[in-house]
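Below: the structure, in structure tokens.
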Number of protein chains: 2
Amino acid sequence: MALPEGAAAHEFRSQCSIARTMEILGDRWTLLIVRDLMWHGKHTFQELQTSAERMPTNQLSQRLKLLVDWGLVDKQVYQERPVRYRYVLTEQGRALEPVLLQIMQWGHKALGGGLYDPKAGRTVAPARNPASVER
Amino acid sequence: MALPEGAAAHEFRSQCSIARTMEILGDRWTLLIVRDLMWHGKHTFQELQTSAERMPTNQLSQRLKLLVDWGLVDKQVYQERPVRYRYVLTEQGRALEPVLLQIMQWGHKALGGGLYDPKAGRTVAPARNPASVER
DNA sequence: AACAGTCACTTTCGATTCGAAAGTTGCTAT
DNA sequence: ATAGCAACTTTCGAATCGAAAGTGACTGTT
């Protein structure tokens, strides 16, 4: 099976799995898109951009394109006339769930962020105010 | 116990633990510093900057400052005259190990990166050429 | 037929950040 | 005096970011 275009063309700067991953996911937005696709039932451009963090639309557009190129996301037409698109995680993309979970755990403990339970589909521990975060 | 300065002053853009974490670790370099401090015995500025990925020294300097501000890294003087510094992970910093491990797993499977075993202190699966990465 | 609305983007542009290289500081060693 | 090293800092052009406005294809309403 062939690589997605974006991936095939790319020369990684190092052998390290972590470095390689950071070349794809190492920015403020990309993992938030993955989070919304994975857990929050957001699948259209509209839904993704009206998400909590209000990412700029040009960034969303670019990131989605990259995620598709890397084979983490699939872009499907779910309606013709007018044509509308739905973004869905591929198997590769879904494989990021343990990464998201670990990051969430850390962000919860260290930064007082909320804790979401994917199985229950709801937040099980609300975020604390940054000012009250203790070490 | 008080928050580290950088953290106390900061207003997160969202409640989400993942979004908060990405505000700190969401760039190409920061996690690589954490990786080197955690697993590869690199603790001085010199050691960190001659690491595989050759990060620019101004970035290294900035990132280290932020990591110290966030309380993930401790900067210690290990030698006076001339004064020399050693960077060490705090407990918060060490708590990132499961995150690193999951990212490594994903980067190995999805991008053909190498697999390092922290307990054994060595690479247990070498990186594959990007061109040969299969899905 | 004209006009408002929706979705999915793209364009623009000033501000910020990045990265490569060179420069600085404080000290030791010859 | 000169060279060398560690740990940065400065410089500066290039790349990227973010906020806002604009575009195009269509539908639904008057």
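In what follows, chains are A, B, ... by sequence order, proteins preceding strands, each numbered from 1.
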From CD of Gln59(A) across to P of dT10(C) the rounded distance in Å is 13 Å

Quick check against the 3.5 Å criterion: does Gln59(B) have a side-chain atom that pairs as donor or acceptor with the backbone of Gln62(B)?
no

Rounded to whole Å, the CG-C1' distance (Leu32(A) to dC17(D)) equals 15 Å

Nearest-Å distance for atom pair CD/C1', residues Gln79(A) and dC7(C):
10 Å

For a quick test of reading the model: is some side-chain N or O of Ser61(B) closer than 4.0 Å to OP1 or OP2 of dC8(D)?
no

Separation of atom CG in Asp27(B) from atom P in dC17(D), rounded to whole Å:
12 Å

What pairs with Glu97(A) under salt bridge (Lys or Arg N to Asp or Glu O under 4.0 Å), at least two apart in sequence or on another chain?
none

Picking from dC8(D), dT10(C), dC17(D), the nucleotide nearest the side-chain atoms of Gln62(A) would be dC17(D)

Measure CG/Leu60(B) against P/dT10(D) and give the value in whole Å, please.
16 Å

Can you name the side chain to side chain contact (heavy atoms under 4.5 Å, CB included) partners of Glu91(B), sequence neighbours left out?
Arg94(B)

So for the helix from dA1(C)-dT30(D) to dT30(C)-dA1(D), with five pairs setting each end axis, what is the inter-axis angle to 10°?
10°

Within a strict 4.5 Å, meaning less than it, do heavy atoms of the Leu37(B) and Lys42(B) side chains meet?
no

Can you give me the closest heavy-atom contact between Val99(A) and Gln102(B), atom names plus distance?
CG2-O, 3.6 Å

Atom CD of Gln76(A) and atom C1' of dC7(C): how far apart are they, to the nearest Å?
17 Å

So, do Leu89(B) and Val73(B) sit near enough that their side-chain heavy atoms are less than 4.5 Å apart?
yes

What residues, two or more places apart in sequence or in another chain, satisfy side chain to side chain contact (heavy atoms under 4.5 Å, CB included) together with Lys65(A)?
Ser61(A)

Which residues pass the salt bridge (Lys or Arg N to Asp or Glu O under 4.0 Å) test with Asp27(A), not counting sequence neighbours?
Arg63(A)

For residues 111-125 of chain B, please give each side-chain donor-acceptor pair under 3.5 Å, one per line with the distance, not counting sequence neighbours.
| residue | atom | partner | partner atom | Å |
| --- | --- | --- | --- | --- |
| Tyr116(B) | OH | Trp39(B) | O | 3.2 |
| Asp117(B) | OD1 | Lys119(B) | N | 2.9 |
| Asp117(B) | OD1 | Ala120(B) | N | 3.4 |

With sugar-phosphate taken as primed atoms, P, OP1 and OP2 and all else as base, the protein-contact string of nucleotides 19-30 of chain D at under 4.0 Å (heavy atoms; B, S, -) is BBB----SS---

Rounded to the Å, how far apart are Tyr85(B) OH and dG26(C) C1'?
10 Å

Backbone N or O of His108(B) within a donor-acceptor pair of the Arg20(A) side chain at under 3.5 Å?
no

Taking only residues two or more places apart in sequence or in another chain, which ones pass side chain to side chain contact (heavy atoms under 4.5 Å, CB included) with Glu80(B)?
Val77(B)

Short side-chain N/O contact from Arg63(B) to OP1 or OP2 of dC18(C), under 4.0 Å
yes

Distance below 4.0 Å between Tyr78(B) side-chain N/O and dA6(D) OP1 or OP2
no

Tell me which nucleotide among dA7(D), dC18(C), dT9(D) gets nearest to the side chain of Lys65(B).
dT9(D)

Contact list for residues 44-61 of chain B, test salt bridge (charged side-chain N to carboxylate O under 4.0 Å, His left out), sequence neighbours left out:
Arg35(B)-Glu53(B)

Per the under-4.0 Å heavy-atom filter, residues of residues 33-50 of chain A near DNA chain C come out as Thr44(A), Phe45(A), Gln46(A)

Just to confirm, is there a sub-4.0 Å distance from OP1 or OP2 of dA6(D) to any side-chain nitrogen or oxygen of Tyr87(B)?
no

